[in-house]
Each structure stands twice: as structure tokens, then as C-alpha cells.
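Notes to accompany the following structure.
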Amino acid sequence: MMAMAKPVVLLYEPIHRDALAILEQKAEIRWAESLQEDALLKQVADVEGIIIRANGRVSRRLMEAAPKLKVVGRHGVGVETIDLDAARDLGIVVVNTPDASTESVAEHCLGLMIALAKQIVRADKAVRRGQWHVRYEYIGTELWGKTLGLVGFGRIGQRTATLCHLALEMPILYYDIVAYPDVEAELGAKRVSLEDLLSVADVVSVHVPLLPATQGLIGEAEFRRMKPTAYFINTSRGPAVDQAALVRALQEGWIAGAGLDVFDPEPLPTDSPLLALENVVITPHMASHTDEALLRMALVVKDVIAVLEGREPHYLVN
Ligand code: NAD
């Protein structure tokens with residue numbers, strides 16, 4: 001008897017080796033030769049599953065060119081690169097890993113806050129230039145007891161709140177379209193308007209998904225409302241912030257500094273004015289890049305296999 005052919009799964013980018021080994025048992029792996037749509041179109045005619053990370057898109061045109069496609073797995077949370085309307089119209093299941101990176105991103109946020117408040121990156125660079133004396137110039141601030149304002153209070157916002165509240169006794173304010181009374185009670189957090197949050201918080205950290213309603217949510221008016229001593233953190237999505245307004249806020253001292261993991265566009269162009277600013281700490285969209293989170297995200301393969309085998313996935317997006 002002929003063995004049944006394994007379904008073909010197209011991977012846009014490499015994933016954690018342990019998850020790849022699980023997928024290899026159940027599927028024939030195909031690697032994307034390029035993430036340009038025209039190139040992808042040539043690779044999907046017989047594909048039954050696609051796994052996408054942060055880069056590339058799964059467009060309607062691509063899904064229409066893949067008549068056997070049953071499932072798109074997002075290694076990570078944000079699904080703005082997948083045409084969800086087209087997936088629904090074509091009966092394609094979309095799965096992701098919503099809990100996988102929460103801890104890593106929240107810890108990264110705390111890291112950016114501490115790096116800014118204690119001027120760690122700036123001091124490191126100065127010492128390497130032989131400027132030991134900056135210890136008298138770079139005077140930091142403590143975070144203990146300072147107010148944290150979270151714009152978006154879902155998984156990552158809440159975990160960041162917990163870390164900052166437990167470790168540094170920071171009072172928590174949040175702005176969200178949804179109320180979370182249980183967490184309010186647990187952390188003594190207060191739900192406030194965006195305006196109030198911006199004018200009171202010592203650290204403002206953004207954790208909204210990228211949606212039409214959140215595009216440019218933090219712009220010039222919002223930065224002008226913040227305290228000149230406040231730090232701004234963005235680990236969500238670059239376009240949630242008006243980056244030109246952020247640059248002016250930093251250059252002109254409307255705020256004290258920024259810790260940024262996400263940008264608009266990415267990669268951040270090498271001539272970006274952000275790179276010339278000393279009061280900015282920059283990481284290249286890597287808040288979730290820990291070994292632990294990368295494995296949890298790569299385990300999206302389990303849900304991809306579940307759908308291919310006709311079982312219910314754990315984390316259904318659509
Ligand atoms: P989540 O869905 O758990 O939480 C998002 C919160 O934002 C929800 O409480 C929701 O009600 C709120 N929200 C939605 N629209 C809003 C609006 N218009 N105004 C105010 N609040 C609104 O998401 P999460 O898992 O906490 O992820 C948060 C962000 O972090 C997302 O943008 C995600 O893409 C990003 N992320 C970044 C990385 C990274 O590597 N930097 C990794 C994972 C996630």
C-alpha cells in the first residue's frame with residue numbers, strides 16, 4: 001500500500017528546532033524562497049498550511065492561489081499581516097500563540113524602563129569611550145513609587161503592571177476600551193481616560209494591538225500632555241505611535257526619554273533621527289526573542305497540525 005503523502009506546510013522564516021522536529025513528523029516542510037508576494041505565489045499551489053512570523057504577508061491573492069490551504073499559523077500574536085476577511089471568505093483557519101510572548105515582552109519593558117531611568121546604555125557607551133567621569137553627570141532616577149500608565153491593558157499590559165507593582169511598588173493607571181475589575185482589585189490599578197493617564201504617569205507604556213483605531217493613537221497632542229520628566233515605552237507596534245511627533249518630543253524635551261522596540265517603518269532606517277538621540281534606548285523588535293518564548297511561539301505547529309488532522313485548535317483567531 002502506498003503511504004499517504006504528508007501535507008505541505010510553507011514556512012516563511014526559521015522556527016525553534018524542537019517545534020520544527022514536531023512539524024517534520026507530520027508535514028512536508030517547504031521554506032519560502034523570498035517573502036515577496038510574487039515569489040510566494042509560485043510556491044503555494046499545493047500548500048495546505050502556512051506558518052508566518054513577523055515578516056511577510058498572507059494576502060487574499062496568496063490565499064486564492066493556494067486552493068488546498070486549510071490553515072495559517074502565526075508564530076506570535078499580531079495578525080495584522082494576515083488578511084482575516086479573506087481567510088474567513090475562503091474558509092481558512094487562522095491560529096496564533098497569544099500567551100507565548102507575554103512574559104518576555106513584559107520583562108523587556110521593565111528592562112527598557114530601568115535602562116532609561118538608570119541611564120545604563122548611555123553610561124556603558126561613555127565608559128567605552130574612556131569617560132569614567134560621567135558618573136558625576138549621568139544622574140538617574142528611581143522607579144520606586146513612580147506611577148506607571150499602561151495604554152492597553154491586555155495580557156502584556158497586565159503582566160508589566162504586575163512586575164512593576166510587585167517589584168517597584170509602582171501605582172498603576174490604565175487606559176483601555178475594556179475594564180478589568182479583577183486586576184484593578186488585585187493590583188490596586190485604576191482605569192482612567194487617556195488624557196488623565198498621560199498627564200499623571202511617570203512612565204507611559206503602550207500595549208495596544210495595531211488596529212485602525214490605534215494607528216497613531218499617541219501623537220503630538222499626547223506627547224505634549226506628558227510630563228517633561230516622563231519616560232515613554234513602546235513594545236507594541238510602531239504605527240500605534242506618530243514617530244515624527246515622538247522625535248520632536250525627545251528633541252525638544254517634552255518628555256525625558258523613550259525605550260523603543262518597535263518602529264514605523266521596520267527595520268529602522270540607518271538615518272533615523274532617533275539614532276542620534278541620547279535619551280532613547282533602542283532594540284530591534286526583539287522583546288519576545290527569548291529561548292523560552294521562541295519555543296512557545298513555534299509550538300503554533302501543534303495547532304497547525306491539529307487543523308490539518310481535522311481536530312480543534314487551541315488558539316483560534318477567526
Ligand atoms: P491583548 O490583546 O492581550 O491586549 C490588548 C489590549 O488593548 C486589550 O485589553 C484591548 O482591549 C486593548 N485595546 C484594543 N483596542 C484599543 C483601543 N482602541 N484603545 C485602548 N485599548 C485598546 O494583546 P497583548 O498580547 O497584550 O499584546 C499587546 C501588543 O504587543 C500588541 O500590539 C502585540 O502585537 C504586541 N507584541 C509585541 C511583541 C514584540 O516583540 N515587541 C511581542 C508580542 C506582542
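Please read all numbers here as calculations on a predicted model, not as lab measurements.
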Out of Thr283, Thr160, Thr235, which one pairs with His108 under the side chain to side chain donor-acceptor pair (under 3.5 Å) rule? Thr283
What pairs meet the ring-ring contact (aromatic ring centres under 6.0 Å, His included) rule with one or both residues in residues 206-253, with sequence neighbours excluded? Phe223-Phe232
If you look only at pairs with a residue in residues 3-39, which of them pass as a ring-ring contact (aromatic ring centres under 6.0 Å, His included), with sequence neighbours excluded? none
So, do [X] and [Y] sit near enough that their side-chain heavy atoms are less than 4.5 Å apart?
X	Y	value
Gln243	Leu274	yes
Val8	Arg30	yes
Glu13	Asn55	yes
Val206	Ile218	yes
Val95	Val304	yes
Arg225	Trp254	no
Met63	Val58	yes
Ile29	Glu24	yes

Answer yes or no: is there a donor N or O on one side and an acceptor on the other, between the side chain of [X] and the main chain of [Y], under 3.5 Å?
X	Y	answer
Lys227	Val200	yes
Thr214	Pro209	yes
Arg53	Pro14	yes
Gln215	Pro212	no
Glu33	Ala39	no
Ser272	Leu268	no

Between Ile22 and Leu299, is a side chain to side chain contact (heavy atoms under 4.5 Å, CB included) present by the stated rule, with each step listed? CA-CA 9 Å; Ile22 295 173; Leu299 288 176; 3.9 Å; yes
Distance (rounded to the nearest 0.5 Å) between [X] [atom1] and [Y] [atom2]:
X	Y	atom1	atom2	value
Ile82	Ile50	CD1	CD1	9.0 Å
Met297	Ile51	CE	CD1	13.0 Å
Arg17	Leu295	CZ	CG	8.5 Å
Leu217	Leu194	CG	CG	5.5 Å
Leu148	Cys164	CG	SG	5.0 Å
Met226	Ile255	CE	CD1	4.5 Å

Are [Y] and [X] linked, directly or through intermediate hydrophobic residues, by side-chain heavy-atom contacts shorter than 4.5 Å (ILVMFWY only)?
X	Y	value
Val208	Leu150	no
Met286	Met113	no
Leu84	Leu210	no
Val204	Val262	no
Ile52	Leu20	no

Using a strict 4.0 Å threshold on nitrogen-to-oxygen distance, state whether [X] and [Y] make a salt bridge.
X	Y	value
Glu107	Arg159	no
Glu37	Arg57	no
Asp124	Arg128	yes
Glu28	Lys6	no

Could you go step by step and tell me if Lys26 and Glu309 meet the side chain to side chain contact (heavy atoms under 4.5 Å, CB included) rule? CA-CA 9 Å; Lys26 301 285 187 173; Glu309 292 181 345; 3.3 Å; yes
For [X] versus [Y], what's the shortest heavy-atom pair and its separation?
X	Y	result
Glu312	Ala306	O-CB, 4.0 Å
Gly253	Pro228	O-CB, 3.9 Å
Ile233	Cys109	CG2-SG, 4.1 Å
Leu250	Ala258	CD2-N, 3.7 Å
Leu112	Leu260	CD1-N, 4.1 Å
Ala19	Val301	O-CG2, 3.6 Å

Check side-chain contact (heavy atoms from CB on, under 4.5 Å) between Pro98 and all other residues, then give those that pass, not counting sequence neighbours. Asn96, Arg155, Tyr315
Leu168: side-chain contact (heavy atoms from CB on, under 4.5 Å) partners, not counting sequence neighbours: Leu110, Leu143, Met170
What pairs meet the salt bridge (charged side-chain N to carboxylate O under 4.0 Å, His left out) rule with one or both residues in [range], with sequence neighbours excluded?
range	value
residues 178-197	none
residues 86-96	Arg60-Asp89, Asp85-Arg88
residues 259-284	Arg122-Glu278

Please name all residues satisfying ring-ring contact (aromatic ring centres under 6.0 Å, His included) with Tyr174, sequence neighbours left out, ordered by chain then number. Phe153
For residues 292-304, which residue pairs pass the side chain to side chain donor-acceptor pair (under 3.5 Å) check, not counting sequence neighbours? none
Mind jotting down which residue pairs meet the side chain to side chain donor-acceptor pair (under 3.5 Å) criterion with at least one end in residues 134-146? Sequence neighbours excluded, please. His133-Glu137, Trp144-Glu169
Pair Val77, Thr97 - check side chain to side chain contact (heavy atoms under 4.5 Å, CB included), show working. CA-CA 6 Å; Val77 188; Thr97 56; 5.5 Å; no
Apart from Val127 itself, members of its ILVMFWY cluster (side-chain separation under 4.5 Å) are Trp132
Is there a side chain to side chain contact (heavy atoms under 4.5 Å, CB included) between Leu41 and Arg61? Walk through the geometry before answering. CA-CA 8 Å; Leu41 283 168; Arg61 196 162 154 237; 3.3 Å; yes
With sequence neighbours excluded, tell me which residues meet salt bridge (charged side-chain N to carboxylate O under 4.0 Å, His left out) with Glu252. Arg248
